[in-house]
Every structure is written in C-alpha cells, then in structure tokens.
2 protein chains.
Amino acid sequence: MTRAAPPKRHLAAEIAAAIRSGDYRAGEWLRQVDLEESLGATRFDIRAALAELALRQTVEHVPNRGFRVAQPDRQRLRDMLAVRVLLECEAALGALPRLDEAALRLLERKADAFDHAVADGTTTSQSATNLDFHDTLYGFAPNRALVEVAVEIRDRARLWPLVLWPSVRALRRSAEGHRDILAALRSGDPARVAQSVRAHILGSAANDPDLEKLVQD
Amino acid sequence: MTRAAPPKRHLAAEIAAAIRSGDYRAGEWLRQVDLEESLGATRFDIRAALAELALRQTVEHVPNRGFRVAQPDRQRLRDMLAVRVLLECEAALGALPRLDEAALRLLERKADAFDHAVADGTTTSQSATNLDFHDTLYGFAPNRALVEVAVEIRDRARLWPLVLWPSVRALRRSAEGHRDILAALRSGDPARVAQSVRAHILGSAANDPDLEKLVQD
DNA sequence: GGCGCAATAATTGGCGCCATTACGCTACGC
DNA sequence: GCGTAGCGTAATGGCGCCAATTATTGCGCC
C-alpha cells in the first residue's frame, strides 16, 4: 500500500477551525470545490461535514445555493450567552461539592497554563488552554449529560466572539476570571461560584464595545 | 410530470417517529436496506438522516457495522431530565412576565386540547397536543436561543420515556401538571412556576417504577 | 446609455455502483 | 463431539458522474 491511510478526520471540526481562524468571514459563501481542494477531501465528505455544521447552526444552508457562514445578530449572541451562563453555572455548581484539594491544585495548574499561553502563545494554544481549564472543572460535575450539552452549546456559540479575541486586555481579564472562579470554588460558596462563572462568560464577549454593557445587566 | 413531486421530507424525523412508535427497539440494528424500502427513500437520504440522528444521539453509529437505536442507562436518563428541568424552567420563567390574560386563555385552550386527547385520542395526538402546550408557553419567552435549545434537548430525550407512555394514569397526571403550571403562572410567583414545571417534567418519567423515586430528590 | 432578457457557465445535489468489511455457516482437525 | 479456521454472503460506505438549479455575462431593445 502506497499510503499509510489517513484513518479518520473530523472534517467538520477542521472547517469550523478554518472559520474560526478567519479564513471565511461571516455571511461568506463556502464553495464545495474550494473546500474539497484546500482540505484535500472528497466532495462527499465535504458535504457531510457541511451538513453537520448546518445542524449545529455554524453555517446556514440554502437549498440549491450552498452553505454560508452564519451571522447571528447581537440579540441572538446575547441570548446564547445567557444559555451558556445557565448551563455552565449549573455544571460548575455540580462540580463544587466534588472538588478536593488535589482537584483544586489541578485547576490551578490549568489556570497557570492559560496564563503562560496569554503571555507567550499562539491564539490556538490560548484557546486550547482556556477550554482545558473549563473542561477540567466541568469534568468533576456528576451530571455527564449536562456537561456534554454545556460544552456543545459553548462550542456552538464560540465561533463568533473568538474572531475578536486577540485583544490582550480581554485575555488578561479572562485569566483573572479563572482566578476568581478558583477563589470562589475554594470558598465553597455556591452563590459566589455562580457569580464568578457568570461574570467570566459574559466577560468573554466584552471586547466587543456593543456587548460590553451586557455584563452589567 | 407524472408525480406532484414530494417536495422535501425530513427523513430523520420519520425515522425518529418510527423508533418512538416502537417499530425498532433499543439496541436494535437499523438496516439501511429496510429503511430505504419501508420509507421509500434512496439509500443516500437514509444515510444522511441516520448521520443526523447519530449527531443527536438518537442512534449510535458503529463504523462498518451500521446504526443502532441508542439505549441510555438509567443514570443518563436521570441526568437528561435534570437538564430538561434546568432549561424548561428558565424558559417558563422567561415567559412568565410576558403573559397577559389573552396568553393565559390561549394556554388554557391548549391544556383543554390535551385533556380531550387523553380522553379520546391517539398516542400521536396526545403527544402533539402536549408538545403544543409547552411550545406555546415557551414561545412567550424573550430568549429565542434558550427556547430552541430547550426544545432540542427535550426532543433528544423524549424518545425513550414515550415508549412507556400509554399509561392512562401517567397521562392524567400529565394533564394535572398542565393545570398546576397554569395556576402557578396565574399566581405570578416565579418559585411556584419553577416548581410546577419541574414536577411536571420529572412526572413525565414517573410511569417507570425505577424512575418514580426521582421525583422526590 | 440604461434596462431587460436569454444563453452560457459554474455550482450544487441526487443517485447508483463497486470495493471493503463483518458476520454466519460449514468443514476439517484434534 | 467440540473447537477452530476458512470461505461465502450480505451489509456498509466511499466515490464519481450527471441532472437540476442558479449566477453571470453578453446582446438586443427601448
């Protein structure tokens, strides 16, 4: 056999990453021929991946026209943030009683990793370490289904604000948010945990001036 | 043209309905040839529909083996119910301040329709009128994204308990649940609304003896 | 010179075929 | 008589081609 055989790729994730990195702008049409060439995949797989992204509302599908990057209005973005707050707060609260000293230490290391990525790291490493912190925290929650839904909704809403991310100020604020959450978790106060998670999520959209005031609602 | 041309069918929903009606049991393999014959669709569309259901975790996909109906364990069912409570309570609470007298009248008519379906109706009409009541209520919530997620998660979790539905006792309890929710909405008390919605959702799984005690947690 | 229409070109999307893979049966050996 | 290995069969799934639909460009007309 000439090739080692590419075992399996998740093309939908690759396309989503391409959108996230700015290769395609909101509202732009995604031509299947371009994707099949740039990703080196067959048209069949491209279509399956696009259908998957359409189901996740990452892209919009217009019959006989094609797929284009979804462009949510401000109201919808606000609404999605509220849903994220609801789900992720619940996940964090579920994790709270299950956190022992070792778990808190682990979370601190994850927070450190994000700090380092903010200081000197690529956008992708910043994103990865950030997600790692949250996933680790939610991983302690007993309700597995809740965590899955929370992560799914987060990733669904994550596409658009991330384009605006490279603001150093927002990154520093995000790092501080992790510390706030850790402090709240150590205090053991559920209300404080919920508040810190809420502020952190809403703050992630705060680099957009129009969304800034959402934090104070 | 010989045929009026079937414009477009949502095959995934039809397959889900077939599973719901009991044509396929949990864990059973879904052969593509059978579906393509029974639904009168092409293999291509069947595969797309199955992929969609796999993404919604309605069916499980095993490479080179096929698709089979997912069979969640009790713990996962419990977890999904908790997520539903979280989302649907929030949606109901969001709708609460927006309900005027006309809206409450409308909801009462929807509740009446469900009562009639319970008294003399098919399982599908019972299911439809029940969903209609909830969708109407949530439709008043200002957060559109929240409602969409809530409905999506509900439909995702709805498959399995519904097989157990035809219990008349559970249906009557469900009808009473609607009345409780309406009374709570009329009282305007958020805590009471949340409690009634919570009890109604948890009660929907109460015809399973093993799940009965979940209501009192 | 501008607008509308039609022909052309490009892109999407439906569908069938064939290779790959897993399962079940049978035959052989111990 | 039982276990195992090999083969036959049937199902999955990957891929390419062709029809349907739409955007675009050029031409004719007002």
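All chains are named by letter (A, B, ...) in the order of the sequence lines, taking the proteins before the strands, and each is independently numbered beginning at 1.
A straight line from CH2 of B/W29 to C1' of D/dA10 spans 15 Å, rounded to a whole angstrom. Nucleotide D/dA11 holds its P atom 13 Å from the CG atom of B/L35, rounded to whole Å. A straight line from CZ of B/R31 to P of D/dG13 spans 14 Å, rounded to a whole angstrom. If you take CG of A/L11 and P of D/dG13, they are 16 Å apart, rounded to a whole angstrom.
Residues passing the side-chain hydrogen bond (donor to acceptor under 3.5 Å, both in side chains) test with A/E108, sequence neighbours excluded: A/R186. Residues that satisfy the side-chain hydrogen bond (donor to acceptor under 3.5 Å, both in side chains) test with B/Q57, not counting sequence neighbours, are B/R76. Remark: A/R154 engages A/D135 in a side-chain hydrogen bond (donor to acceptor under 3.5 Å, both in side chains) (not counting sequence neighbours). Every residue was checked against the side-chain hydrogen bond (donor to acceptor under 3.5 Å, both in side chains) condition with B/E90, not counting sequence neighbours, and none meets it. Taking B/H116 as the reference, nothing meets the ring-ring contact (aromatic ring centres under 6.0 Å, His included) condition, with sequence neighbours excluded.
Of the charged side-chain nitrogens involved, none lies within less than 4.0 Å of a carboxylate oxygen, so that A/E148 and B/R156 do not count as a salt-bridged pair.
The salt bridge (charged side-chain N to carboxylate O under 4.0 Å, His left out) pairs that include a residue from residues 112-124 of chain A are A/D112-A/R179, A/D115-A/R179, where partners are two or more places apart or lie in different chains. Among residue pairs with one or both ends in residues 61-99 of chain B, those qualifying as ring pair (Phe, Tyr, Trp, His ring centres under 6.0 Å) are B/H61-B/F67; sequence neighbours excluded.
Counting 5' to 3', DNA chain C first comes under 4.0 angstrom of a heavy atom of chain B and last does so at the ends given by C/dC15 to C/dC23.
For DNA chain D, the residues of residues 38-64 of chain B within the heavy-atom distance limit of 4.0 Å (strictly under) are B/R43, B/R47, B/H61, B/V62, B/P63, B/N64, sorted by number.
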